[in-house]
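Structure record follows, encoded as structure tokens.
Here is the naming used below: chain letters follow the sequence lines, and residue numbers restart at 1 for every chain. Please read all numbers here as calculations on a predicted model, not as lab measurements.
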Amino acid sequence: MQSEVASAIYKALEIAKKSNLLQCQIPAQIILERPKNRDHGDYATSIALTLAKQANLQPRVIAQVIIDSMNSNNLLTPAGISKTEIAGPGFINIFLATASQAAIIPKIISTGKEYGSSNLLVGKKINLEFVSANPTGPLHLGHTRWAAVGDSLGRVLSAAGAEVTREFYVNDRGNQMDLFGASIRAAALNQPRPESGYHGEYIEDLANQIQKSNPDLISLPESESIAAFRDAGYKLQLAQQNRVLDNFGTHFDVWFSEKALYENNFFDHSLNKLKAQGHVYESEGAIWLRTTDFGDDKDRVMIKSDGSFAYFASDSAYYVSKRERGFNLCIYMLGADHHGYVGRIKAIAACAGDDKDKDVEILIGQMVKIIEGGEEIKLSKRAGTIITLEELVEKVGKDAARYTLTRFPTDTPMVMDVDLLRKNTNENPVYYVQYAHARICAVLRNAKDYGIDYEIKSFNPELLVHERERELIGLLAEFPRIVSAAAQAREPHRVARYIEDLASQYHRFYNDCRVLPLGDEKPTELNSARATLCLATAQVISNGLDLLGVSAPEKM
RNA sequence: GCGCCUGUAGCUCAGUCGGAUAGAGCAACUGCCUUCUAAGCAGUAGGUCGCAGGUUCGAUUCCUGCCAGGCGCGCCA
């Protein structure tokens with residue numbers, strides 16, 4: 001409906017311009033908004049206000065010209081418009097005819113799971129990198145935020161037509177890995193762990209497991225033994241992360257090994273590529289990338305003066321790898337403690353000859369705090385430091401954890417209240433939304449028992465005239481727009497906020513509009529039409545929850 | 001010192017092409033179930049949108065400065 005309305009306005013403007021009633025440039029897109037206030041119609045546009053200046057006319061005069069043009073050229077009825085009015089400084093409020101508004105219902109049902117999808121990002125091949133935790137310990141809260149939001153963003157981008165690869169970068173080389181190996185070995189020997197090593201309880205678990213399956217490692221010469229413990233521990237820990245993420249509903253397409261960047265001369269290849277662009281130089285015995293050419297604070301060392309690779313070497317080669325694997329957009333999701341990397345990653349892209357504003361995007365996730373019993377939880381037995389993903393899921397369940405983490409924009413620090421997430425009331429938005437879905441399913445089960453026919457083919461759109469019905473339908477029609485906007489802005493939380501609105505709107509409808517017959521009444525066409533509306537609503541809630549990776553239960 | 005993020009109701013937070021009377025949940029108060037799931041709905045109350053300027057028909061939204069809080073500024077990974 002929306003596009004019909006927009007094009008009707010567009011045509012009206014064109015005609016008015018042709019007949020010299022208006023002198024202005026017609027914008028390519030007519031923006032329709034949903035007014036907050038229902039009295040302002042189903043849609044409203046401020047087009048007359050924005051054109052006022054260049055047309056050199058009062059906004060209200062322009063609005064009148066547009067409306068006259070729509071009237072005299074018979075544009076209203078075909079677009080499903082029943083009424084227009086000019087309001088305030090020059091808004092045009094648009095009211096839809098019942099039947100044309102309700103036409104979205106069968107469309108939703110027949111489109112099913114695909115309703116909300118678009119081709120907005122068709123042709124975009126996106127590398128979505130998130131979590132990328134070091135394989136030296138369990139995933140903690142910061143990772144958890146990305147595990148939820150990143151996965152959801154992947155779903156939203158896919159729904160917008162993009163081809164998305166979810167990627168986890170495994171830092172499987174370097175000092176940290178060696179410290180990790182030494183820590184496990186120390187635990188196996190019952191010796192004190194290295195000063196700056198790893199101290200969580202899980203290190204002992206790893207040591208025990210390795211001892212059990214490979215009792216010989218302990219007796220190897222020290223450096224070999226550390227390496228052996230490192231490699232064995234790394235495999236176990238990575239598998240543990242994989243398993244936990246899997247339980248969480250977050251699945252990666254690629255687990256990319258940092259070590260692999262140094263195999264088959266790939267690093268040299270990527271270095272040559274950067275050299276060819278002219279931003280590599282040597283100084284004080286080290287090899288540098290001149291990232292300051294592109295706004296970074298300082299140049300970065302790739303190969304240290306002792307000949308070893310700096311971490312940044314991997315970053316640069318990794319970027320080259322992504323681009324060579326055919327991705328035309330690389331999205332990095334980083335924790336706030338890494339936001340200092342934004343400049344240098346962008347600079348790598350630019351040094352590789354890419355457009356740092358278009359080919360790379362970096363999303364920063366702010367910190368997550370978790371409170372229970374009114375106090376912040378800081379300690380985790382397992383990790384030795386902060387609470388883990390696994391522990392969070394044990395406490396509140398997968399759905400509540402995922403939902404809560406995805407319903408806030410990532411650039412805001414957030415507080416999770418464990419006690420609240422365990423509540424089954426509308427304090428807890430997950431249950432609020434899921435409950436709406438379960439409620440609809442119950443109504444539909446009962447409708448079936450009544451023999452009420454809510455198939456598309458018997459749907460009569462003229463009957464849904466109640467204010468609550470119209471509001472609900474209007475909101476259902478918004479869903480594709482919400483998903484597209486969420487994809488465009490890389491903000492999956494918009495989907496969450498939308499389904500909360502939708503759930504609320506459904507509950508209001510449910511309260512005021514009886515779906516099923518009362519007592520001995522015989523089912524009417526209105527019962528059917530309302531049941532069909534219920535079915536469409538359930539579909540949209542379910543699609544929305546699915547984009548967040550949260551289940552849509554049929555019973556609660 | 002420099003950079004990024006944040007500041008909206010008592011609390012937790014929404015509010016991007018700048019739009020009409022700034023919203024939701026909780027907490028407080030008042031109603032609604034012998035009939036669809038009350039895990040729900042309706043109502044009352046609650047605000048100098050951090051502060052001060054600027055841009056314009058119009059600013060919570062854009063720009064500048066300031067104040068407050070969080071985080072980051074290695075030839076570590």
Rounded interatomic separation in angstrom, taking [atom1] from [X] and [atom2] from [N]:
| X | N | atom1 | atom2 | result |
| --- | --- | --- | --- | --- |
| A:Lys448 | B:rC36 | NZ | C1' | 16 Å |
| A:Tyr311 | B:rC73 | OH | P | 14 Å |
| A:Leu334 | B:rA77 | CG | P | 18 Å |
| A:Tyr498 | B:rA24 | OH | C1' | 16 Å |
| A:Arg145 | B:rC5 | CZ | P | 15 Å |
| A:Glu33 | B:rG18 | CD | P | 11 Å |
| A:Arg344 | B:rG3 | CZ | C1' | 12 Å |
| A:Arg422 | B:rA39 | CZ | P | 20 Å |

Item to check | 5' priority, RNA chain B, between A:His507 and A:Pro27 [closest heavy atom] | outcome: A:Pro27
Item to check | A:Ser46 or A:Gly340, whichever maps to the more 5' nucleotide of RNA chain B | outcome: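 Counting from the 5' end, the first nearest nucleotide belongs to A:Ser46.
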Any strand counts, and the cut-off is 3.5 Å on both contacts for Watson-Crick or G-U wobble. Which nucleotide pairs with [N]?
| N | result |
| --- | --- |
| B:rC36 | none |
| B:rU21 | none |
| B:rU56 | none |
| B:rC41 | B:rG31 |
| B:rU48 | none |
| B:rA9 | none |
| B:rC75 | none |
| B:rU61 | none |

N or O in side chain of [X] less than 4.0 angstrom from [N] OP1/OP2:
| X | N | result |
| --- | --- | --- |
| A:Arg508 | B:rG40 | no |
| A:Lys298 | B:rC75 | no |
| A:Tyr432 | B:rC41 | yes |
| A:Asn446 | B:rU35 | no |
| A:Lys36 | B:rA22 | no |
| A:Thr50 | B:rC57 | no |
| A:His493 | B:rG15 | yes |

Checklist entry - Within 45° of the six-membered ring axis of A:Tyr198 and under 6.0 Å from that ring's centre, is NZ or CZ of A:Arg193 located there? => result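 The answer is no; the distance or angle limit is not met.
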Contact class for [X] vs. all strands (heavy atom < 4.0 Å): base, sugar-phosphate, or nothing?
| X | result |
| --- | --- |
| A:Thr412 | sugar-phosphate |
| A:Gly519 | base |
| A:Ile303 | nothing |
| A:Asn93 | base |
| A:Ala310 | sugar-phosphate |
| A:Arg514 | base |
| A:Ala442 | base |
| A:Tyr510 | base |
| A:Val515 | base |
| A:Ala447 | nothing |

Next on the checklist: Ring-plane angle category for A:Tyr169 and A:Tyr318, please: parallel below 30°, perpendicular beyond 60°, tilted otherwise.
Outcome noted: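 Rings of A:Tyr169 and A:Tyr318: parallel, as their planes differ by under 30°.
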Checklist entry - Between the side chains of A:His279 and A:Asp293, is a donor N or O closer than 3.5 angstrom to an acceptor N or O? => result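 There is such a pair (donor and acceptor under 3.5 Å, judged by atom type) between the side chains of A:His279 and A:Asp293.
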Checklist entry - Are A:Tyr403 and A:Glu500 close enough that a side-chain donor and a side-chain acceptor fall under 3.5 Å? => result yes
Checklist entry - Out of B:rG19, B:rU35, B:rU37, which nucleotide sits closest to the side chain of A:Ala438? => result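 Looking only at side-chain atoms, A:Ala438 lies closest to B:rU37.
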Checklist entry - How should the glycosidic conformation of B:rC33 be described, syn or anti, under the criterion that syn lies within 90° of 0? => result syn
Item to check | Least distance between heavy atoms, A:Ser551 atom then A:Leu545 atom | outcome: O-CD1, 3.6 Å
Next on the checklist: I need the A:Ile67 CD1 to A:Lys83 NZ distance, nearest 0.5 Å.
Outcome noted: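 Rounded to the nearest 0.5 Å, the CD1-NZ separation comes out at 11.0 Å.
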Checklist entry - Considering only heavy atoms and no angle criterion, is a donor-acceptor pair shorter than 3.5 Å present between the side chain of A:Asp315 and the base of B:rA77? => result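 Counting by modelled atom types and ignoring angles, no donor-acceptor contact under 3.5 Å is found here.
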Checklist entry - In whole Å, what separates the P atom of B:rG10 from that of B:rG72? => result 31 Å
Next on the checklist: Are the side chains of A:His40 and A:Asn37 in contact, using a 4.5 Å heavy-atom criterion?
Outcome noted: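 In contact.
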Checklist entry - Does the side-chain ring of A:His338 lie flat on the base of B:rG72, meaning centres under 5.5 Å and planes less than 30 degrees apart? => result no
Checklist entry - Does the side-chain ring of A:Tyr435 lie flat on the base of B:rG40, meaning centres under 5.5 Å and planes less than 30 degrees apart? => result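 One would not call A:Tyr435 stacked on the B:rG40 base.
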